[in-house]
2 protein chains.
Amino acid sequence: MGRKRAQVTLTDVAKRAGVSVATASKALNERDEVAPATRHRVIQAAEELSFQPNVLARSLISGNTRTVGLLTDELSAARFAIPVLLGAENALGNEQMSVLLCDARGDAIRRRHYIRALLARQVDGFIILGDNNEIRPSLSREIPVPVVYAYCESDDPADLSVVADDAGGARLAAEHLVSLGRKRIAHITGDPGYRAARDRAAALVEVLDAAGLPLIGEALFGQWSQRWGRHATARLLATHPDIDAIFCGSDQIASGVTEALRDLGRTVPEDVAIVGYDNWEVLAAECRPPLTTVDLNLEQLGATAVRHLFAALDGDHHSGVIRQPGRLVVRESTAVAGPIPRR
Amino acid sequence: MGRKRAQVTLTDVAKRAGVSVATASKALNERDEVAPATRHRVIQAAEELSFQPNVLARSLISGNTRTVGLLTDELSAARFAIPVLLGAENALGNEQMSVLLCDARGDAIRRRHYIRALLARQVDGFIILGDNNEIRPSLSREIPVPVVYAYCESDDPADLSVVADDAGGARLAAEHLVSLGRKRIAHITGDPGYRAARDRAAALVEVLDAAGLPLIGEALFGQWSQRWGRHATARLLATHPDIDAIFCGSDQIASGVTEALRDLGRTVPEDVAIVGYDNWEVLAAECRPPLTTVDLNLEQLGATAVRHLFAALDGDHHSGVIRQPGRLVVRESTAVAGPIPRR
DNA sequence: GAAATCTTTGAAAACCTTTTCGGGAATAGT
DNA sequence: ACTATTCCCGAAAAGGTTTTCAAAGATTTC
């Protein structure tokens with residue numbers, strides 16, 4: 001342990017190029033007080049030794065490590081966090097920055113531990129990555145570097161949060177159903193404890209009101225599961241056999257709904273059109289029929305968060321809530337006359 | 001940019017405690033050449049200033065950063081990588097180490113870039129995280145620190161790889177079906193390009209041979225999708241209507257198979273018992289009926305990989321392939337006489 | 001031809017923490 | 001009382017890079 005590897009240091013490069021470390025440093029850092037010939041010699045030497053500047057030593061001087069801490073809350077429920085993470089990592093990669101990832105597993109103590117661990121590693125900034133678009137207590141007080149919240153919203157309006165636009169997504173779905181001429185639209189969704197569920201339901205009602213249509217039955221809140229989708233569908237059809245569309249709070253629910261409808265002898269989309277939410281490929285694309293659904297654009301959300309983190313690192317701090325719009329993905333579960341080639 | 005934050009340094013702590021930095025260091029590092037009273041004073045001062053030792057500066061001296069690089073290949077197909085990652089992170093967390101995560105997206109150039117970036121950050125070791133248990137070219141030549149391969153296997157026998165035991169898992173499933181008295185067992189699985197698919201099929205045949213049973217029909221290779229599961233089931237029943245069990249290569253396939261069987265008027269598990277693979281909760285537990293399946297124990301696999309990485313960091317380098325056993329999760333799709341209260 | 005200016009280079013300082021080494025003080029033993 | 005021992009503290013070094021500043025060299029101007 002502690003056995004240190006043979007590291008190629010700037011001194012080695014300088015020696016090989018026959019210059020001083022100072023000159024070598026300047027040559028490699030694109031400063032212009034160095035003669036072209038010398039620079040070339042240094043660069044060549046660096047390549048020959050496959051020299052990698054030691055980021056750590058540099059950070060002691062320049063103060064930045066080109067590393068951001070990414071704190072997730074519940075990576076095991078990874079469906080949402082991963083795309084955001086990927087989008088973020090993408091955007092970071094272009095800037096030659098790296099990600100230090102920690103997963104707090106929804107535990108406040110563990111989170112504090114990780115925040116300290118990341119700060120000890122001199123990260124330049126933090127991205128707090130939520131997993132359900134929910135409001136949560138601000139952590140910015142404990143963190144002396146810029147923080148951006150992604151797929152969750154800080155309760156401190158001075159923070160910057162980038163969240164998915166649930167209301168907007170639901171409006172897309174609702175307007176799609178209305179534009180198809182459906183009149184008897186119902187809503188089956190997940191846990192009412194989730195803001196996403198409430199926001200989407202509210203937006204649906206809003207659109208229906210504007211179109212002069214009723215919401216058939218109450219919005220049915222339950223769990224985010226196929227099981228609940230099946231159960232709710234049976235219940236709904238028992239009381240309202242005349243529905244012609246169901247907007248579901250998630251693809252998982254929609255998958256259960258579709259199954260139950262088939263069992264009950266209704267065809268999708270002819271008798272009942274279905275719209276899901278999340279565009280979870282494995283369920284949405286493999287469903288019978290494939291589901292029209294709302295994609296949350298999570299990768300873009302992650303990229304947006306990173307962009308704003310960079311701005312903050314440059315001293316340009318924004319605050320408030322940015323709502324990242326989703327987009328409607330039309331598949332057969334609403335496309336009556338063959339797949340609509342809309343994009 | 002480059003604006004360095006006000007960092008509490010050991011000097012500040014020492015000053016506040018009225019001792020030298022050396023004494024402060026010793027006091028905080030639990031070395032015993034410091035008077036209890038002095039130590040207490042230092043610790044108190046450190047807490048008052050909420051001092052965080054600068055891990056980076058320390059690493060310049062001691063040579064280790066307590067950070068490992070985790071290089072994934074395709075995080076977007078996250079289903080498999082995430083549990084491994086979580087298990088690894090868990091094991092690392094206990095050792096106060098951190099994870100630097102990079103996702104190469106299956107691109108060799110990007111991978112090289114990340115390896116260099118991580119090396120520049122002085123990571124102590126690497127975990128190469130695969131996503132399909134496959135053999136792949138060794139990267140250890142380009143990496144001057146210990147490397148462990150997880151959920152993939154290096155083609156260099158000098159490397160250490162920790163993979164899921166596909167043959168063992170398939171044996172568990174096959175023996176389960178045999179022990180239930182099923183005699184007409186078929187196999188529907190995914191892409192034959194995957195070693196996992198071939199290994200599982202081979203192990204199944206092995207178990208059946210040992211029990212004196214035939215494999216009904218050929219092993220049906222296709223895609224890892226519900227769609228293929230449905231299609232293959234229809235084909236299978238057309239030629240072999242008398243099957244009484246199907247071992248599926250994944251839960252996704254099993255889900256499609258189950259659906260198709262129901263459509264075709266067969267009951268599960270009475271007429272046909274089903275075993276899936278992966279224990280992908282969303283599909284396996286929500287299926288009708290819930291699926292008996294093989295859990296790959298991926299979290300444990302990640303933890304094992306980390307344990308061996310630590311060993312290697314301590315100079316105790318192993319090599320070869322470690323096969324992490326899976327475990328059978330029994331649910332209703334094979335439990336004929338009511339749910340078995342096994343745990 | 002000499003002076004002034006500009007370019008290029010290298011020595012040394014700075015960054016922050018840990019560790020080593022030597023000295024000083026207190027305690028115990030003779 | 002004096003020496004031997006133990007215990008603790010402070011000064012300084014080490015680690016690799018960047019930056020600063022002074023000096024050397026080259027070029028231009030008068």
Side-chain angles (χ1 to χ4, degrees), chain A residues 1-43 45-46 49-67 119-124, chain B residues 1-43 45-46 49 51-67 119-124 144:
Chain A
M1 211 187 87
R3 216 177 57 270
K4 52 197 332 174
R5 60 178 160 284
Q7 157 122 19
V8 180
T9 139
L10 186 58
T11 315
D12 302 325
V13 177
K15 206 169 291 174
R16 187 183 187 92
V19 298
S20 72
V21 280
T23 309
S25 168
K26 277 179 266 196
L28 293 176
N29 287 295
E30 326 233 341
R31 300 170 62 94
D32 45 1
E33 317 117 8
V34 58
T38 314
R39 154 163 303 147
H40 185 254
R41 214 155 13 107
V42 172
I43 290 177
L49 297 173
S50 70
F51 165 75
Q52 271 298 324
N54 185 329
V55 174
L56 276 46
R58 172 189 299 169
S59 80
L60 289 180
I61 315 292
S62 69
N64 63 18
T65 51
R66 312 189 67 73
T67 306
L119 285 174
R121 285 181 172 73
Q122 311 288 101
V123 296
D124 294 335
Chain B
M1 212 188 78
R3 213 177 59 273
K4 52 195 330 173
R5 60 178 162 285
Q7 159 119 16
V8 180
T9 142
L10 187 59
T11 314
D12 302 326
V13 176
K15 206 169 291 173
R16 188 184 186 92
V19 298
S20 72
V21 280
T23 307
S25 167
K26 276 181 265 193
L28 292 176
N29 285 295
E30 324 234 342
R31 300 173 65 89
D32 45 359
E33 315 119 7
V34 58
T38 314
R39 154 162 305 148
H40 185 253
R41 213 150 21 103
V42 172
I43 291 178
L49 298 171
F51 164 74
Q52 271 298 322
N54 185 331
V55 176
L56 274 47
R58 171 189 305 171
S59 78
L60 284 180
I61 315 295
S62 68
N64 63 16
T65 50
R66 311 188 68 71
T67 306
L119 285 174
R121 285 179 174 74
Q122 310 287 103
V123 295
D124 295 333

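So that the names make sense, note that chain A is the first sequence line, chain B the second, and so on, each numbered from 1. Side chains included, hydrogens not; waters and symmetry mates left out as well; all remaining heavy atoms used.
Distances shorter than 4.0 Å separate none of the side-chain N or O atoms of A/T9 from OP1 or OP2 on D/dG16. Listed pair B/T38 / D/dC9 meets the phosphate criterion, a side-chain N or O lying under 4.0 Å from OP1 or OP2.
Minimum atom distance to the side chain of B/N54 is reached by C/dT17, of the listed D/dG16, C/dA11, C/dT17. Comparing atom distances between the A/T23 side chain and each of C/dT17, C/dT19, C/dG10 picks out C/dG10 as nearest. Of the candidate nucleotides D/dG16, C/dT17, D/dT18, D/dT18 has the atom nearest to the side chain of A/N29. With C/dG10, D/dG16, C/dT17 as the candidates, the nucleotide lying closest to the side chain of A/V19 is C/dG10. Here the nucleotide nearest the side chain of B/F51, chosen from C/dT17, C/dT19, C/dT9, is C/dT17. Between C/dC21, D/dG16, C/dT18, one nucleotide has an atom nearer to the side chain of B/P53 than all others, and that is C/dT18. Of the candidate nucleotides D/dC9, D/dT18, C/dA11, D/dT18 has the atom nearest to the side chain of A/L10. Looking at the side chain of B/V34, the nearest of the listed nucleotides C/dT8, D/dC9, C/dT17 is D/dC9.
Formation of a donor-acceptor pair under 3.5 Å by the A/R66 side chain with backbone atoms of A/V55 is not found in this model.
As rounded to whole Å, 12 Å separates atom P of C/dT19 from atom CG of B/L28. One interatomic measurement links the two molecules: CG of A/L60 to P of C/dC15, which rounds to 11 Å at whole-angstrom precision. The separation between B/L56 atom CG and D/dT17 atom C1' is 13 Å, rounded to whole Å. Between the P atom of D/dA12 and the CD1 atom of B/I61 lies a distance of 17 Å, rounded to the nearest Å. Separating the CD atom of A/Q122 from the P atom of C/dC15 is a distance of 15 Å, rounded to the nearest angstrom. Nucleotide D/dG16 holds its C1' atom 13 Å from the NZ atom of A/K15, rounded to whole Å. The separation between A/K26 atom NZ and C/dT7 atom P is 14 Å, rounded to whole Å. A straight line from CG of B/D12 to P of C/dC15 spans 12 Å, rounded to a whole angstrom.
For the residue pair A/R121 / A/T67, no side-chain donor-acceptor distance below 3.5 Å is found, with atom types taken as modelled.
At least one side-chain heavy atom of B/N54 sits under 4.5 Å from a side-chain heavy atom of A/L60.
Among the heavy atoms of the strands lying under 4.0 Å from A/A22 is at least one base atom, whether or not backbone atoms are also near. Using a 4.0 Å heavy-atom criterion, one finds that A/R31 contacts the sugar-phosphate atoms exclusively.
A pairwise comparison of heavy atoms in A/A14 and A/A24 identifies CB-CB, 4.0 Å as the closest pair. Summarising the geometry of A/A27 relative to A/R39, their closest heavy-atom pair is O-NE, 3.3 Å, with the distance given to 0.1 Å. Minimum heavy-atom separation, A/V42 to A/L28: CG1-CG, 3.9 Å.
Taking for each of B/R41 and A/Q52 the nucleotide of DNA chain D with the nearest heavy atom, the 5'-most of the two is the partner of B/R41.
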